[in-house]
2 protein chains.
Amino acid sequence: METSNILETHNLSKTPCRVDIIDTLLATEVALTEQQLKENLKFDYDRATIFRTLKTFSEKGIIHCVPVEGNEVYYAISKPNYKQTLSHAHFHCSTCGGVYCLNSISIAEPQLPDGFAAQGYELTINGCCRKCKE
Amino acid sequence: METSNILETHNLSKTPCRVDIIDTLLATEVALTEQQLKENLKFDYDRATIFRTLKTFSEKGIIHCVPVEGNEVYYAISKPNYKQTLSHAHFHCSTCGGVYCLNSISIAEPQLPDGFAAQGYELTINGCCRKCKE
DNA sequence: TATATATTTGCAACGTTGTTGCATTTGTGT
DNA sequence: ACACAAATGCAACAACGTTGCAAATATATA
């Protein structure tokens with residue numbers, strides 16, 4: 001799906017910042033921190049604008065964020081049914097810091113202690129990614 | 001293990017702030033945000049002191065932090081062999097926000113794409129906890 | 001195509017958090 | 001009781017999260 005469709009689907013007007021952010025996230029294989037995102041945008045926008053855009057996109061389910069050890073947050077485009085999917089897995093490379101969405105991974109549901117009911121699973125796998133492996 | 005032992009084991013001097021923080025984290029069943037931690041300490045300490053103490057404890061493996069959706073970070077006492085354990089699971093209650101360490105859970109290792117090598121697994125299970133279930 | 005209106009943006013401001021240097025205070029071994 | 005290494009509090013600064021408001025802009029409508 002390309003950028004215009006994504007915005008239309010979610011009833012969002014087509015503004016430069018929104019298009020730029022979605023284009024950038026679509027173009028990158030890995031998830032990006034807000035810093036990395038800014039560096040990759042074609043133009044500069046106000047912090048508040050980017051903040052609000054990311055917030056809107058998160059609420060709409062267009063993107064999702066991945067919190068990683070060290071209190072860093074990465075942003076990635078969501079697959080269309082992301083929000084409906086119970087389990088999400090991400091790979092975090094300890095070497096380059098890259099965060100990959102693992103869309104096709106299924107997470108085995110572990111046995112929980114009595115009284116706990118699971119609604120969703122978020123798995124972060126730390127390790128060494130394809131590019132850093134040599 | 002009680003507080004004094006923990007500090008001695010890690011070659012850390014026994015200061016009020018350190019003792020207070022470990023006591024507090026040992027006393028609570030759930031992990032705490034920095035805010036919640038501060039509210040539960042017996043005395044007040046400078047922000048920088050708490051920051052440095054948490055950092056020291058994290059490095060030593062005395063505590064670990066759990067990043068949760070919404071960019072919140074929770075701190076919890078680690079079991080003695082925490083750092084050596086490859087897989088960690090935490091339960092995050094969507095209702096009360098409580099974060100529980102699930103020490104006895106084993107995580108099934110999913111199949112990764114070619115070229116990716118896993119070194120550790122962090123699983124966060126979202127749902128409804130024992131206390132909030134009625 | 002011009003216009004009206006609802007949105008979005010940039011700017012400014014403020015609170016919080018992460019982080020560090022430095023002088024003072026404190027813990028601990030002698 | 002003392003000396004020295006270590007920890008603390010204070011101050012300061014950068015980065016981030018967040019909001020109000022006025023100016024600019026996207027889009028539906030005439």
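A note on names: the letters A, B, ... follow the listed sequences, proteins ahead of strands, and every chain is numbered from 1.
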Mind calculating the distance between OH (Tyr45(A)) and P (dT7(C)) to the nearest angstrom?
22 Å
Considering just the side-chain nitrogens and oxygens of Lys55(B), establish if one lies under 4.0 Å of OP1 or OP2 belonging to dT20(C).
yes
Starting at the 5' end of DNA chain C and moving along, which residue's nearest nucleotide shows up first, Gln35(B) or Cys17(A)?
Cys17(A)
Testing dT9(C), dG17(D), dT19(D) for proximity to the side chain of Thr15(A), the answer is dT9(C)
Value in whole Å for how far the P atom of dT27(D) lies from CG of Leu12(A):
10 Å
Integer-rounded Å distance: dT28(C) P and Leu7(B) CG:
9 Å
Base dG9(D) paired with Arg47(B) side chain (donor-acceptor, <3.5 Å)
no
Just the rounded figure in Å: distance from C1' of dA15(D) to CD of Gln36(A).
16 Å
Distance test, side-chain N/O of Arg52(B) to OP1/OP2 of dT8(D), below 4.0 Å:
no
Yes or no on side-chain contact (heavy atoms from CB on, under 4.5 Å) for Cys96(B) and Lys131(B), after CA distance, side-chain angles and deciding distance?
CA-CA 9 Å; Cys96(B) 69; Lys131(B) 288 178 186 165; 5.8 Å; no
Assess, by modelled atom type and distance only, whether the side chains of Lys83(B) and Ser78(B) contain a donor and an acceptor separated by less than 3.5 Å.
no
Spacing between Ile50(A) atom CD1 and dT18(D) atom P, to the nearest angstrom:
15 Å
Under 3.5 Å, is there a donor-acceptor pair between the Asp20(B) and Tyr45(B) side chains?
yes
In Val66(A), Leu54(A), Thr24(A), the residue satisfying side chain to side chain contact (heavy atoms under 4.5 Å, CB included) with Tyr75(A) is Leu54(A)
Nearest to the side chain of Pro16(B), which nucleotide is it out of dT8(C), dG27(C), dT18(D)?
dG27(C)
Protein-nucleotide distance (Asp46(A), atom CG; dC16(D), atom C1'), rounded to Å:
13 Å
With a non-hydrogen cut-off below 4.0 angstrom, is Thr49(A) in contact with a base, only sugar-phosphate, or nothing?
base
Spacing between Leu41(B) atom CG and dG9(D) atom P, to the nearest angstrom:
11 Å
Lys38(A) NZ to dG10(C) P, straight-line distance once rounded to whole Å:
12 Å
Just say parallel, tilted or perpendicular for the rings of His64(A) and His88(A), cut-offs at 30° and 60°.
parallel
